[in-house]
Amino acid sequence: MPSYYPKNVEPKWQKFWLEHKTFRCPDGDHSKPKYYILDMFPYPSGQGLHVGHPEGYTATDILARYKRMRGFNVLHPMGWDAFGLPAEQYAVQTNTHPRITTAQNVANFRRQIQMLGFSYDWDREIDTTDPKYYRWTQWIFVQLYNTWFDADSKRGRPISELPIPADIAAKGEAAVAEYRNEHRLAYVAEIPVNWCEALGTVLANEEVINGRSERGNHPVIRIPLRQWMLRITSYAERLLDDLNTVDWPEPIKEMQRNWIGRSEGAEVDFRIADPNETVEEIREWLEERKTHGFPRRPEEKIIRVFTTRPDTLYGATYMVLSPEHPLVDSITTADQFVEVEAYRRQASAKSDMDRTELAKEKTGVFTGAFAINPANGESIPIWIADYVLMSYGTGAIMAVPAHDERDYEFAEKYDLDIVEVVADPTDTPALLLQAYRWLGEWERRREKGEVEGYIKVALILNAAVDVESFLEDREEHEGDNLWAEVDLFEDKDGPDMGVAVSFIEEDFSDVLPIYFEQDPDTEVLILSFEPDEHDHDHDDEEFEDSGYQELMEENETAGLDDDDDIPSAPYTSEGIAIDSGPISGLPTRDAKRIMISWLDAKGLARKTVNYKLRDWLFSRQRYWGEPFPILFDESGLHQAVPESELPITLPDVEDFKPTGRPEPLLAKATDWGVIERGGKKYRRELNTMPQWAGSCWYYLRYIDPLNESAPWDPAKENYWMPVDLYVGGAEHAVLHLLYSRFWHKVLFDLGRVHSAEPFQKLVNQGMILGEIEYTGFKVNGEWVDAAKIDISEFDGERVKLTESQITKTGDRFTLIDNPSIGIDARAAKMSKSYGNVINPDVVVDEYGADSLRMYEMFMGPLEATKPWSMKGVEGVWRFLNRVWRAIINSDAEEQSLVPEITSASAPTRDQLRMLHLTIRGVTEDVEGLRFNTAISKMMEYVNFLSRESSRPKEVVEPLVLLLSPFAPHMAEELWQVLGHQTTLAYEPWPTFDPALCEADEIEVALQINNKVRSKIVLPANVTDEAILDAAHKDEKILAATAGKQIVKSFVVSSRNGKLVNFVVKG
RNA sequence: GCCGAAGUGGCGGAAUGGCAGACGCGCCGGAUUCAAAAUCCGGUUGAGGUAAUACUCAGUGUGGGUUCAAGUCCCACCUUCGGCACCA
C-alpha cells in the first residue's frame, strides 16, 4: 500500500494498542510525575457520537500522548454517564428495559470512540449504571446523610458529633433523631414539583414549556412532594472562596459566582403596627432589643426583611410579603381577607413559568396592615405580591420605590409613596455633594458628642462649575432643612461664586483637613462659627424617647412625603444619601455601613450575607437512576441502610409507564419496596437520584475503578488527585461543576480526599456549528432584502444559496446579480431537526480518524465556537497525504521510504534550523493548548521538507514524533516504516536547541514615522548600534530623510525580528 | 433587562504594544495529462499606478484617547453569539 489509505493503517494500530494495552496506566509506580487528564464523560445517547465530542477528546488525547512522551504517568480514562431520561422515555414507549438500550448505546459510543484512536486506558472504563459503580454513589450519599455542617468551624462533621441541646435531649429519642435529621447534609423537605395530571407523572423543568407539558401540551401544576435535598447552601461560602484557588476560565468562575449569588446586606426588623398597643409596650420592646440585641429568630409581629441597600431605609415607603409568607394570615385585616385569599390562591396555582410569564405586569394586594419603619418611625402599608419570592432572603422586602425598578413599577401602579433618599452624584454639581458630605459628617460628629453648635462654611465654586445648574439644585433644596441656612455670595475679586452653609460647631480644626483632599474644583472655607440654639429637626433621640404612635402623628404633619418631586424613573445606582438622618451626605458604601451599625446598636438590624444558591433538590420520581440507600420505619423516621448492604440494586418492574399518581415509579416494585428486619417492617425510599449523582464523583472512581472494598484507595487518591486538566463543554459550567465541587468538599471534610478542589485546571471547548449557509428570502416569488425582514419571524420562502450565487457588497452578502438584495449568512447549531448534523462515522469513513482529529484541532482555538467545513477536513487530509509522500515511496509496490530519505548525508544548517523552530513552536503550542497553530507550524515544516531533495532521517523522525499526538495512526505507521520495532507512544518528545533556531542573517525593517520604507539584511548577532548605523546609511532612508530632521530613533527587538523606527520632522 | 464572549480578506483563522492577514479553504493562472481527478508551481485585502517590476494611499465593527508605535491598552457606542430570568 504505497499511497496513504487510512483504512489500512488505522484499524491496524487501534488493534495493536488494545491488544498490547499500550495505554494502560501504571498503578503501582508512583516514582514518575503524574498527570491526570480528564474528559467530561458522555451520556451515551441513541444518536451516537456528535462531532462536538471528539473535539474535547482529541485535545485531551493530544496532551495525554504528549505528556507520556515527556515522561509523565498519565491517567486518561473514559466512561459513561448512563442514567438518565432519554433511556427511560424510550422504555416508556417501547417497554425496552433501559439497561438494554443503555448497553447498546454504550457499545456504539465505545466503538466510535475507539475508532478515533484515543489513548484511553480501557481497563478503567466505568459506567454509572453498573451496580459496582453506583454502590459507591450510594455510599457517598450515606456519607452526606451522616454529616452535618458545623457553622463555627465551617466544615462538615460526622452527625455523631452534633451537639444536642439539653432541651432537645430532655424530650427523648424521637426529638433527638428529629434534631439530627434537621442538620444532616441530606434531608427531607416538601418541595413543589411539576405534576401533569394527564400524563400521570412528574415532569422535569425542561419538560415543561409555558406551564404545559412538552409532550402532549397538557396543563402542569405545582404540587408539594416529599423530596430529598442536599444542603449545598452551607458550602456556599467555601464554594465561592475556593474559586480563587483554581485555574479556570474567568467567565466560568464568574458564572459560578453569579449562580452562588452572594450579596451582602442587612436583615432589618419592622414591627407591625398595632393600634391597640400602648406607647409603654413599644418602649419596652425597644428597650429589650437594645439590651439583648438582634434575635436569631424574630418575635411575633415582626417582619424581618433582607436588603442589600440598608442605606435606602429612609425611602422604604411600603413592604411586600411573598404570598406564601407565614405572617400573611395573622396580619390581614378582615376587610382585606377575601381579596388576599383570592390572590394567594391564584399565585399558588401558578407554576414558576406562569409567574414569570405574567410578571411583565406586577400585581399585588394590600393586607390592610401597617408596619413601622425602624429608621424614621413612619407607618407604612404592608402588601403581598408574587414578585417577592419566599425562597430568597426572608420572603419579605422593604420596598424602596425611588431606588428599585420593581418597587417603582409597583408603587406607580398602586399609587404608593415614592421618596428619594439617594442622590445621583453625576447629576448634582460636585459642590453640592461636597456640602452634603460636610453636613453628614457634621451630623455624625455632633451625634457622638464630639462637636457641638453650628458652623458656617463657604464652598468656593470654581469658575468651571456650572453655576446655573448649581443654583437650580439649590432652589430645589430650599425647603430641605439641610439647606435652610445657605447663603449665596460673590467673590468681589474674581469669577468665583461661593455658597455659605450654616452648621453646628464648636471646634472645627480637626474636621477640616479631610475635605481638602477632595475635588480640586472646590475649596472649603470656614467663614464663621456661632454656638447656637438652632432648632434642628434631625433628632433621632426623639425617636427612641417617643412611642411609635407619637412619631406617626408627628410624621403626618412633618412627614417626609411633602416632597412632591416624584422622579420619572428609579435611581438604582450608588450615590449620596439624602434626607436620611444620620447617613445623609454619605456615599452609598459608607451609608450602608453606618446605617447597619446605627440600627445594630438598637438591636433592630444585623449585617448578613445572603446567597441566591438554593439547596439541591436531589430526588426524582423516575426509574432509571440510583435507588436511595434509605429505609423508613413504621413511624416514618428514616435511616440509612448499613454499608454492608450496598448496593441497593434497582428492582425490575413490569413496565415503565407512569404510575398515574405523583409517586415515584419504583412504587411499582411492590416486593422490593418493603422489607422486614428484626420483626419490624421498613419501607424503602422510592425516589431515585438525579443524573448528576453519578457524575459528581466519577473522576475519583477512575483512580481505582475495580476496588471492591472501598470507593478508592487513599494512597492512589493521594498520588493522582487533583485532576490536572479537565476539558468539556461550557454547558456544564455551573451545575455539574458546582455539584461535584460540593461533594468533593464534603469528602474533603471527612478526610476521604486530600485536596479541597477536584479540578485544578479547566478548559471549555467551544461549540461546533454546522456548515455556513447562505439564505435568500422570497415573498410571492420576489426576492426581498434580508435587512428589511425579521428573519426569525419570516414565513415566506427561504432559498438556500451556493457561494457562486452570492457576493460581498459593502459589509454584507448580496445576490451576485442583484446587490440590493441582502442575504443571510450564518452557521447554525447542529440539530437533527435542522438536518445539519455531521456524523463522525461518515467523516472517518471518507478521510480517516487522523484527518478528523487534525481538522477538529485545526479549525481554530479550542475554546471558540466555530463552523464545520468539509472542505477544511479535506485540507488537513491533503496535508497528511503530503507528510506521507514526503516519507513513503508511493511508486513502490512494497512499503518503503522515498529515496530522498537517507541516513548517509548530514542535515543542512537550514534544515536543522527549520526543524528546531518547529519543535520549539509545536512544543510551546501544545503546552498552551494552541493546537491550531501547532498544526500550521508542522504544515510549514512539511512544505519546507517536501522541497528538499535530501531529507536526512535526523530531520524526519522528529517530525513523526511531533505529529504523533495529533495523527497517531499515521505516525505509528511511518515510525514503523522508518525502521522502528516498537510503538512511539513512549519515545521521548523531541527537544530543541535554541542556538539552532537562530538564522545567520536577519532582515531588519526600517521605518520612518512607523511606515516601512526599506529593509536591510544584517548578521544575526549585530548590535543595536550597528543596526542604527546601517539604517542611517541606507539609501532609501537617506532619500526619505533628506532635508528633514530625525527627532528620535528606536531599535526594537522582538521575537519576529528587529526593526528601526525613525521619528522624522519637517 | 442582567451577566459573559466575540467582531481581522470571499471563508476558518494567525499576529509577547513593533513589518496586519501565518497556516488552511476557496478562487485565478500555469505545469503535468489524450482528457479528467490527483499532484506540483505561481498569484490572491482594497484603491490608485505601471508594459511590467517598482511605487503611493487606505485598511482589523464605529467614534474618541494613550504611545515614537495600537488588531492588541483606555473610554463610549454598535452588532452577533452564548447563558440567566422579578434574587430585594
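Note on naming: letters A, B, ... go to the chains in the order of the sequence lines (proteins, then strands), and numbering restarts at 1 for each one. Values below: all heavy atoms of this structure, side chains included; hydrogens, waters and symmetry mates excluded.
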Tell which nucleotide pairs with B:G17, taking only Watson-Crick or G-U wobble pairs whose two distances are both under 3.5 angstrom. none
Considering only the C1' atoms, how many Å lie between B:U66 and B:C78, rounded to the nearest integer? 23 Å
So which nucleotide does B:U53 pair with, by the Watson-Crick or G-U wobble rule with both distances under 3.5 Å? none
Residues A:Y387 and A:D407: side-chain donor-acceptor under 3.5 angstrom: yes
When rounded to whole Å, the CH2 to P distance for the pair A:W877 and B:G24 reads 16 Å
Using the C1' atom on both, measure B:U80 against B:C75 and round to a whole Å. 22 Å
How is A:F813 classified with respect to the nucleic acid when contacts are heavy atoms under 4.0 Å: base, sugar-phosphate, or nothing? sugar-phosphate
How long is the line joining CD1 of A:I806 and P of B:C11, in whole Å? 9 Å
Check whether any side-chain N or O of A:N881 sits under 4.0 Å from OP1 or OP2 of B:A38, and answer yes or no. no
Can you tell whether the side chains of A:D1034 and A:K1036 come within less than 4.0 Å, N to carboxylate O? no
Between B:C68, B:G26, B:C23, which nucleotide gets closest to the side-chain atoms of A:N1010? B:C68
Polar side-chain contact A:K362-B:C86 base: donor and acceptor under 3.5 Å: yes
Protein-nucleotides 54-62 of chain B N/O pairs closer than 3.5 Å?
unit_1: B:U56; atom_1: OP1; unit_2: A:R1013; atom_2: NH1; d: 3.0

Would you say A:N943 places a side-chain N or O within less than 4.0 Å of OP1 or OP2 belonging to B:G24? yes
Using whole Å, report how far CD of A:E771 lies from P of B:G10. 20 Å
Can you tabulate the close N/O pairs, meaning under 3.5 Å, that link protein atoms to atoms of nucleotides 1-9 of chain B?
unit_1: B:C3; atom_1: O2'; unit_2: A:N258; atom_2: ND2; d: 3.0

P spacing across the pair B:C40 / B:C23, given as an integer number of angstrom: 15 Å
Taking 4.0 angstrom as the limit, do A:R344 and A:D386 come out as a salt bridge? no
Is the closest basic N to carboxylate O distance between A:E948 and A:R951 below 4.0 Å? no
Side chain of A:Q1007 - closest among B:G12, B:G18, B:C87: B:G18
Any idea which of B:C87, B:C25, B:C68 is nearest the A:N1061 side chain? B:C68
In whole angstrom, give me the gap between the P atoms of B:U53 and B:G61. 30 Å
Counting side-chain heavy atoms from CB outward, which of B:U80, B:C87, B:G24 is closest to A:R882? B:G24
Closest to the A:R406 side chain: B:C86, B:G13, B:C19? B:C86
A:K362 charged N/C atom sitting above A:F410 aromatic ring, 6.0 Å / 45°: no
Do the side-chain N or O atoms of A:R947 get closer than 4.0 angstrom to the phosphate oxygens (OP1, OP2) of B:C41? yes
In Watson-Crick or G-U wobble terms, with both distances under 3.5 Å, the base opposite B:U66 is none
Taking the side chain of A:L1059 as heavy atoms from C-beta outward, which of B:C19, B:C81, B:G13 is closest to it? B:C19
Centroid distance below 5.5 Å plus an interplanar angle below 30 degrees: do A:F1050 and B:C68 meet both conditions? yes
Check: A:E773/A:Y834 side-chain N/O donor and acceptor closer than 3.5 Å: yes
What is the nucleic acid contact for A:N610, judged by heavy atoms within less than 4.0 Å: base, sugar-phosphate only, or nothing? nothing
Provide the distance between the two P atoms, one in B:C55 and one in B:U50, to the nearest whole Å. 16 Å
With sugar-phosphate meaning primed atoms plus P, OP1 and OP2, does A:N1009 contact a base, only sugar-phosphate, or nothing at under 4.0 Å between heavy atoms? nothing
Would you indicate what A:S1049 reaches in the nucleic acid, counting non-hydrogen atoms under 4.0 angstrom: base, sugar-phosphate, or nothing? nothing
Side-chain N or O of A:S263 less than 4.0 angstrom from OP1 or OP2 on B:A88? yes
For the residue pair A:S263 / A:N610, report whether a side-chain donor-acceptor contact shorter than 3.5 Å exists. no
When you check the glycosidic angle of B:G9, does it come out syn, meaning within 90° of 0, or anti? syn
Mind checking if A:V1052 touches a base, just sugar-phosphate, or nothing, with heavy atoms under 4.0 Å? base
Would you say the side chains of A:Y408 and A:T572 form a donor-acceptor pair under 3.5 Å? no
Between B:U8 and B:U79, how far apart are the two C1' atoms, rounded to whole Å? 15 Å
For the side chain of A:K829, starting at C-beta, report the closest nucleotide among B:C11, B:G83, B:C86. B:G83
A:K937-A:T918 side chain donor-acceptor pair, cut-off 3.5 Å: no
Which value, in whole Å, describes the distance between the C1' atoms of nucleotides B:G71 and B:A58? 16 Å
Salt bridge present between A:D269 and A:R304 (N-O < 4.0 angstrom): yes
A:M859 CE to B:A14 C1', straight-line distance once rounded to whole Å: 17 Å
When you compare B:A22 with B:C34, how far apart are their C1' atoms, in angstrom units rounded to a whole number? 40 Å
Would you mind telling me which of B:C23, B:C86, B:C40 lies closest to the side-chain atoms of A:R885? B:C40
Which part of the nucleic acid, if any, lies within contact of A:S869, taking any heavy atom under 4.0 Å across all strands shown: a base, the sugar-phosphate backbone alone, or nothing? nothing
Looking only at side-chain N and O atoms, does A:R257 come under 4.0 Å of OP1 or OP2 in B:G83? no
Quick check: are there more than 12 heavy atoms from other residues, nucleotides or ligands sitting under 6.0 Å from CD of A:E1035? no
Expressed as a whole number of angstroms, how long is the span from A:R878:CZ to B:G24:C1'? 9 Å
Paired with B:A38: which nucleotide, if any, by Watson-Crick or G-U wobble criteria at under 3.5 Å for both distances? none
Assess whether a salt bridge exists between A:E874 and A:R878, defined as any Lys/Arg side-chain N lying under 4.0 Å from an Asp/Glu carboxylate O. yes
Is any N or O donor-acceptor pair between the side chain of A:K937 and the base of B:C23 shorter than 3.5 Å? no
When both distances are under 3.5 Å in a Watson-Crick or G-U wobble arrangement, the nucleotide paired with B:G26 is B:U44
So, is A:K866 near the phosphate of B:G12, with a side-chain N or O under 4.0 Å from OP1 or OP2? no
Should the heavy atoms of other residues, nucleotides or ligands under 6.0 Å from NZ of A:K253 be counted, would the total exceed 12? yes
Residue matched to B:C2 through Watson-Crick or wobble contacts both under 3.5 angstrom: B:G83
Are A:T933 and A:D925 linked by a side-chain donor-acceptor pair shorter than 3.5 Å? yes
